[in-house]
Amino acid sequence: MRGPEPVTGRFAPSPSGRMHLGNLWSCLLAWLGARSTGGRVVLRLEDLDPDRCRQSFCEQVMRDLEWLGLDWDGAPVYQSRRTGLYARAFSRLEEQGLAYPCFCSRAQRLAAGAPHRGDRADSCLCRGLSPEERARLLRERRPAWRLQVPDRTFSLQDLVQGHYEENLARDCGDFILRRSDGVYAYQLAVVVDDAEMGVTQVVRGNDLLSSAPRQNYLQDLLGLPRPRYAHIPLLLAADGRRLAKRDRDQELSALQARFTAPELVGRLACLAGLLPAPEPIRPVQLLPLFSWGKLPREDIRVGAW
Ligand code: GLU
């Protein structure tokens with residue numbers, strides 16, 4: 001019997017601190033999703049935000065992945081070193097007449113640029129500015145740049161969440177491509193990088209499901225292929241909150257004090273429906289047990305481990 005076509009998956013952590021349980025969960029499932037097909041895994045450090053990311057965190061992320069038993073192919077890719085690629089993609093969108101300067105407040109722009117911070121674009125009036133008004137404002141300050149979205153529905157078949165669709169004009173609005181400080185937005189960088197790195201399967205938290213239609217639109221405009229998506233349930237704290245960096249007990253340094261890597265992998269595998277009960281296991285031993293169909297769709301409360 002022939003297995004599934006080999007896919008190329010990726011780890012795409014943001015090196016803004018130590019990894020926590022949620023990051024490990026995403027990386028383990030990305031690795032299983034790709035390796036179970038005999039495919040490749042590439043590593044990209046999403047370090048575009050100079051205020052939040054440090055080289056030392058990048059190195060720590062790689063040590064942590066190795067500790068867990070997750071390997072990758074080729075050299076790690078740093079987004080901070082690929083600005084030229086994003087600039088070229090941005091110019092292509094500008095040439096299509098679809099990018100426009102936005103002079104809204106910095107707070108709004110930052111919110112729109114981050115993948116996890118309620119990043120629905122607010123309705124912004126800058127699209128309707130007259131050429132004279134735009135020219136005047138451009139002389140006064142550095143704008144962010146937004147992408148004009150169409151009144152069109154984008155739908156996809158997610159490997160975990162099933163059918164998902166969104167009308168970009170109604171449900172999202174024009175979104176940020178580049179911040180006023182010149183930093184390219186997550187949405188643009190991720191699309192350029194996934195294509196350039198040959199990624200065919202994107203595994204990430206379900207909070208990014210609503211980014212997929214925006215990314216599909218960008219892929220269409222830039223003539224890039226669409227990867228398959230698997231948006232996995234989020235791991236929540238006992239009270240239902242999303243795990244965050246401030247949940248120190250779920251940070252890898254704290255987890256390492258209590259668990260060996262096989263113990264941690266076994267617990268995550270149990271949450272993923274791959275094991276009936278947590279037992280120490282290595283990622284390679286999970287390969288024959290892995291299938292997307294076993295994964296729950298709903299977010300998971302993990303409580304105190
Ligand atoms: N860098 C993002 C994170 O650490 C992931 C983005 C993605 O997978 O598209 O959550």
Side-chain angles (χ1 to χ4, degrees), residues 4 6-47 53 56-79 159-160 190 193-194 197-205 208 227-235 243 245 250-275 278-292 294-295 300 302 305:
V7 304
T8 296
R10 39 80 149 184
F11 302 135
S14 302
S16 58
R18 199 73 199 268
M19 297 232 271
H20 62 71
L21 199 60
N23 305 130
L24 302 178
W25 166 247
S26 302
C27 289
L28 175 63
L29 290 170
W31 187 90
L32 288 170
R35 295 286 193 225
S36 64
T37 67
R40 288 162 46 80
V41 182
V42 290
L43 169 63
R44 177 171 73 240
L45 294 143
E46 303 213 320
D47 60 345
C53 300
S56 60
F57 292 148
C58 295
E59 281 150 23
Q60 187 67 57
V61 160
M62 291 188 259
R63 279 198 295 275
D64 290 347
L65 289 169
E66 281 163 4
W67 177 81
L68 209 64
L70 303 179
D71 61 349
W72 61 90
D73 301 292
V77 164
Y78 293 82
Q79 285 193 323
L159 288 164
V160 180
V190 83
D193 284 336
D194 281 338
M197 296 168 80
V199 170
T200 56
Q201 179 172 279
V202 168
V203 178
R204 59 190 179 193
L208 289 172
R228 283 304 299 275
Y229 293 95
H231 286 91
I232 58 177
L234 300 181
L235 299 186
L243 288 181
K245 295 257 150 67
Q250 307 288 11
E251 213 180 55
L252 195 51
S253 51
L255 293 166
Q256 280 175 331
R258 281 177 288 146
F259 303 111
T260 63
E263 282 168 348
L264 204 52
V265 169
R267 284 175 171 254
L268 292 171
C270 182
L271 296 181
L274 306 180
L275 290 177
E279 59 175 90
I281 197 161
R282 287 179 304 122
V284 278
Q285 297 172 289
L286 291 170
L287 289 173
L289 304 175
F290 179 77
S291 107
W292 288 115
K294 293 183 182 173
L295 215 74
I300 304 169
V302 289
W305 271 10

Interatomic distance, L68 atom CG to N23 atom CG [nearest 0.5 angstrom]: 11.0 Å
Is there a side-chain contact between [X] and [Y] in this structure, where contact means two heavy atoms from C-beta onward sitting under 4.5 Å apart?
X	Y	answer
V190	E46	yes
V302	Q250	yes
D64	V61	no

Heavy atoms only: give me the nearest V160-P233 pair and the separation to one decimal. CG1-CD, 4.4 Å
Do you know which two heavy atoms are closest between S291 and L274, and how far apart they sit? N-CD2, 4.1 Å
Apply side chain to side chain donor-acceptor pair (under 3.5 Å) to D47 and list each qualifying residue two or more places apart in sequence or on a separate chain. S80
Sorted by chain and residue number, the side chain to side chain donor-acceptor pair (under 3.5 Å) partners of R204 (sequence neighbours excluded) come out as Y186, Q215, H231
Any donor-acceptor pair under 3.5 Å from T8 side chain to T200 backbone: no
Table please: side-chain donor-acceptor pairs of residues 279-287 below 3.5 Å, with sequence neighbours left out.
residue, atom, partner, partner atom, Å
Q285, OE1, R282, N, 2.7

Just list the side-chain donor-acceptor pairs under 3.5 Å for residues 69-78, sequence neighbours left out, or say none.
residue, atom, partner, partner atom, Å
D71, OD1, W31, NE1, 2.7
D71, OD1, R35, NE, 3.4
D71, OD1, R35, NH2, 3.1
D73, OD2, R35, NH1, 2.9
D73, OD2, R35, NH2, 3.4
D73, OD2, V41, N, 2.9

Residues in side chain to side chain contact (heavy atoms under 4.5 Å, CB included) contact with Q201, at least two apart in sequence or another chain: V7, L159, V203, W292
Would you mind writing out the side-chain donor-acceptor pairs for residues 259-271 within the sub-3.5 Å range, not counting sequence neighbours?
residue, atom, partner, partner atom, Å
T260, OG1, E263, N, 3.2
E263, OE1, T260, N, 2.9

Which residues share a ring-ring contact (aromatic ring centres under 6.0 Å, His included) with F57, sequence neighbours left out: none
